Amino acid sequence: MSIKRIDVGARMSGAVIHGNTVYLAGQVGEGASVTDQCKSALAEVDRLLAASGSSKSKILQTLIYLADIADFAEMNAAWEAWVDPANTPARATSEAKLAAPKYRVEFIVTAAID
């Protein structure tokens with residue numbers, strides 16, 4: 001099977017397609033609040049999925065990292081406003097130290113491609 005890379009960079013690609021599956025790099029967003037960062041990161045997830053021939057309705061799994069688990073409810077509100085309610089993926093959320101102190105949430109997504 002071939003491998004296709006999208007938004008290739010020196011350290012990572014924004015997305016990697018192998019077969020009928022797309023793997024997204026961890027997506028972080030801009031903004032002061034967890035809500036703003038979620039909206040920004042999830043907009044980038046939408047963009048990368050579209051560029052890969054997929055969409056949020058085809059997400060298989062999402063891993064979510066929060067810099068502070070106390071932000072769980074705020075993140076969930078932003079997630080629930082974005083996710084396709086008829087096609088919710090398998091999901092896990094953990095607290096983790098993120099790449100830079102300004103980041104409060106990170107999404108890692110795996111999705112199917114038709």
Side-chain angles (χ1 to χ4, degrees):
M1 280 188 197
S2 65
I3 297 172
K4 179 180 177 185
R5 299 174 197 284
I6 297 172
D7 292 351
V8 178
R11 290 190 188 111
M12 64 183 179
S13 295
V16 176
I17 300 168
H18 182 251
N20 292 332
T21 307
V22 58
Y23 305 86
L24 272 56
Q27 298 301 311
V28 294
E30 297 299 321
S33 71
V34 170
T35 299
D36 290 342
Q37 288 191 18
C38 285
K39 288 178 180 179
S40 175
L42 293 171
E44 184 63 6
V45 167
D46 279 331
R47 185 190 74 78
L48 287 166
L49 289 174
S52 302
S54 189
S55 68
K56 65 184 169 186
S57 67
K58 297 176 185 170
I59 295 174
L60 304 170
Q61 180 182 42
T62 301
L63 304 176
I64 303 170
Y65 296 108
L66 291 169
D68 185 345
I69 201 69
D71 294 328
F72 187 71
E74 185 177 353
M75 177 279 299
N76 265 335
W79 170 264
E80 289 168 4
W82 175 82
V83 74
D84 179 348
N87 295 290
T88 54
R91 191 191 99 169
T93 305
S94 299
E95 182 178 72
K97 187 173 182 179
L98 302 182
K102 71 177 185 174
Y103 297 128
R104 299 177 63 188
V105 62
E106 181 175 358
F107 297 89
I108 300 174
V109 172
T110 303
I113 300 172
D114 286 335

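Note that the structure is a prediction, hence the values are computed from the model and not measured.
With no hydrogens or angles considered, a side-chain donor-acceptor pair links Thr35 and Glu74 at under 3.5 Å. A donor atom on one side chain and an acceptor atom on the other are found under 3.5 Å apart for Ser55 and Ser57.
Surrounding CG of Asp114 are at most 12 heavy atoms belonging to other residues, nucleotides or ligands under 6.0 Å away.
Remark: Lys39 pairs with no residue by the salt bridge (Lys or Arg N to Asp or Glu O under 4.0 Å) rule, at least two apart or across chains. The side-chain contact (heavy atoms from CB on, under 4.5 Å) check on Val45 picks up Leu24, Gln27, Leu42, Leu49, Trp82, Val109, with sequence neighbours excluded. With sequence neighbours excluded, the residues forming a side-chain contact (heavy atoms from CB on, under 4.5 Å) with Ser40 are Glu30, listed by chain and number.
For the pair Asp71/Arg104, a side-chain contact is recorded, criterion being any heavy-atom separation below 4.5 Å from C-beta on. Between Tyr65 and Ile108, the closest side-chain pair of non-hydrogen atoms falls below 4.5 Å. Side-chain contact check for Ile64 versus Val105: some heavy-atom pair is nearer than 4.5 Å. In this structure, the side chains of Thr110 and Thr21 come closer than 4.5 Å at one or more pairs of heavy atoms.
The pair Lys97-Asp68 fails the salt-bridge criterion, with no side-chain N (NZ, NE, NH1 or NH2) lying under 4.0 Å from an Asp/Glu carboxylate O.
Although no hydrogens or angles enter the test, the distance criterion places no donor-acceptor pair under 3.5 Å between the side chain of Ser13 and the main chain of Val16. Judged by distance alone, with hydrogens and angles left aside, the side-chain atoms of Glu95 form no donor-acceptor pair with the main-chain N or O of Ala70 at under 3.5 Å.
A side chain to side chain contact (heavy atoms under 4.5 Å, CB included) with Pro89 is found for exactly one of Ile59, Leu60, Asp84, namely Ile59.
Rounding to the nearest 0.5 angstrom, the gap separating the CD atom in Gln37 from the CG atom in Leu66 is 10.0 Å. Annotation: the span from Glu106 atom CD to Met75 atom CE amounts to 13.0 Å, rounded to 0.5 Å. Here the straight-line distance linking atom OG1 of Thr93 with atom CZ of Phe72 works out to 5.0 Å at 0.5 Å rounding. Between atom NE2 of residue His18 and atom CD1 of residue Ile113 there is a gap of 11.5 Å, rounded to the nearest 0.5 Å.
When hydrophobic clusters are built by joining Ile, Leu, Val, Met, Phe, Trp and Tyr residues whose side-chain heavy atoms come closer than 4.5 Å, directly or via intermediates, Ile69 is grouped together with Trp79. Val34 is connected to Val83 through a chain of hydrophobic side-chain contacts under 4.5 Å among Ile, Leu, Val, Met, Phe, Trp and Tyr, so both are in one cluster.
Scanning both residues, Ser54 and Val22, for their nearest heavy atoms gives CB-CG1, 4.2 Å. Closest non-hydrogen pair, Phe107 versus Ala41, comes out as CD1-CB, 3.8 Å. In terms of heavy atoms, Ser52 sits closest to Ile6 at OG-CD1, 3.2 Å.
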